Amino acid sequence: QVELVESGGGSVQPGGSLRLSCAASGIPYTGACMAWFRQVPGKEREGVASMNLAGSSTAYGDSVKGRFTISVDKARNAAYLQMNNLEPEDTAMYYCAADPRIYCSGYLPPSRSFDYWGQGTQVTVSS
C-alpha cells in the first residue's frame with residue numbers, strides 16, 4: 001500500500017518561494033510516477049508537475065512553467081516541488097500523487113490516472 005505525506009506548505013508574499021516535500025512509502029522497486037496537483041474550492045484539480053521516481057524528463061502545467069521545479073530522490077522515495085516567484089493565483093491546496101503503474105517521462109497524466117494521494121498541504125500567497 002502506497003502512502004504519501006506532504007509537508008512544506010505555508011503563507012508567503014508574492015514573489016516569494018516555498019519548497020514542498022512528499023515522503024512516499026510502499027513504492028515498489030520498479031518505481032512510480034510522482035506528481036503534484038493543486039486545487040482551489042469549486043475548481044477542478046489542476047496538474048502542476050510530474051516526474052518518474054527513477055528519474056526522467058519532467059512535465060509542467062502551463063501556469064507554472066519557468067517558476068516551479070519538480071525533483072525526486074529515489075533513495076528516499078521522495079518528491080519535491082520548488083516554487084519560486086509565487087503569485088496569488090498559486091494559492092491552493094497542493095497534493096502529491098503517485099502511481100506505480102505509470103511511467104511518466106515528459107508527460108503530466110491527468111489526476112484520474114493516480115490511485116494514491118497525500119492529504120494535501122495548503123499554500124497561500126498574499127500580501
Side-chain angles (χ1 to χ4, degrees):
Q1 180 74 8
V2 175
E3 294 186 353
L4 305 172
V5 179
E6 303 101 331
S7 60
S11 295
V12 65
Q13 292 186 340
S17 298
L18 282 174
R19 186 183 191 228
L20 305 183
S21 298
C22 174
S25 60
I27 300 285
Y29 74 94
T30 50
C33 178
M34 306 294 294
W36 290 95
F37 290 82
R38 66 186 184 186
Q39 190 169 24
V40 297
K43 291 190 176 182
E44 292 187 359
R45 197 162 288 190
E46 176 189 7
V48 175
S50 66
M51 184 175 188
N52 214 60
L53 189 59
S56 66
S57 297
T58 56
Y60 296 93
D62 288 342
S63 61
V64 306
K65 285 180 181 176
R67 300 187 298 121
F68 291 11
T69 302
I70 187 172
S71 60
V72 297
D73 184 335
K74 181 169 172 46
R76 299 188 177 189
N77 272 357
Y80 307 95
L81 186 68
Q82 177 67 42
M83 305 184 294
N84 296 330
N85 195 19
L86 282 160
E87 304 169 351
E89 294 73 21
D90 296 316
T91 295
M93 185 72 78
Y94 283 71
Y95 296 92
C96 177
D99 203 304
R101 301 170 303 164
I102 305 171
Y103 183 83
C104 51
S105 180
Y107 168 57
L108 181 51
S111 60
R112 63 179 180 273
S113 299
F114 291 87
D115 274 356
Y116 302 101
W117 293 84
Q119 81 288 352
T121 185
Q122 178 67 35
V123 171
T124 301
V125 184
S126 174
S127 56

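Numbering of residues begins at 1 and proceeds along the displayed sequence. The analysis underlying the following values was restricted to heavy atoms, covering all of them including side chains, and did not include hydrogens, waters or symmetry mates. What you see is a predicted model; the values in this text were computed from it and never measured.
In this structure, Ser11 and Ser126 have side chains that are not in contact, with every pair of non-hydrogen atoms separated by 4.5 Å or more. By the 4.5 Å heavy-atom criterion applied to side chains, Cys96 and Trp36 are counted as neighbours. Contact check for Met83 versus Leu81: side-chain heavy atoms found under the 4.5 Å cut-off.
The minimum heavy-atom distance between Lys43 and Gln39, with the atom names listed, is O-NE2, 3.0 Å. Across Pro100 and Val2, no two heavy atoms sit closer than the pair CG-CG2, 4.2 Å. Closest approach of Ile27 and Ala98 over heavy atoms only: CD1-CB, 4.3 Å. A pairwise comparison of heavy atoms in Leu4 and Met34 identifies CD2-CE, 4.4 Å as the closest pair.
Taking SG of Cys22 as the reference point, atom CZ of Arg76 lies at 14.5 Å (rounded to 0.5 Å). The CD atom of Glu6 sits 12.0 Å away from atom CD of Gln122, with the distance rounded to the nearest 0.5 Å. Of the inter-residue distances, the one linking Arg45 atom CZ with Met93 atom CE reads 9.5 Å to the nearest 0.5 angstrom.
Under the salt bridge (charged side-chain N to carboxylate O under 4.0 Å, His left out) criterion, Arg101 pairs with Asp99, Asp115, sequence neighbours left out.
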In residues 48-63, what donor-acceptor pairs under 3.5 Å come from side-chain atoms, sequence neighbours left out?
unit_1 : atom_1 : unit_2 : atom_2 : d
Ser50  : OG     : Tyr107 : O      : 2.8
Asn52  : OD1    : Cys104 : N      : 3.4
Ser56  : OG     : Asn52  : N      : 2.8
Ser56  : OG     : Cys104 : O      : 3.1
Tyr60  : OH     : Ile70  : N      : 2.9
Asp62  : OD1    : Lys65  : NZ     : 3.1
Ser63  : OG     : Arg38  : NH2    : 3.0
Ser63  : OG     : Glu46  : OE2    : 2.9

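Using a 30° and 60° split on the angle between ring planes, Tyr94 and Phe68 fall in the tilted class, from 30° to 60°. By the 30° and 60° cut-offs, the orientation of the rings of Trp117 relative to Tyr95 is perpendicular.
Tyr103 and Leu108 fall into different hydrophobic clusters, where Ile, Leu, Val, Met, Phe, Trp and Tyr are joined by side-chain heavy atoms under 4.5 Å apart, directly or via other members. Linking Ile, Leu, Val, Met, Phe, Trp and Tyr residues whenever their side-chain heavy atoms come within less than 4.5 Å places Val72 and Leu18 in a single cluster. Leu20 and Phe37 end up in different hydrophobic clusters when Ile, Leu, Val, Met, Phe, Trp and Tyr side chains are linked at under 4.5 Å.
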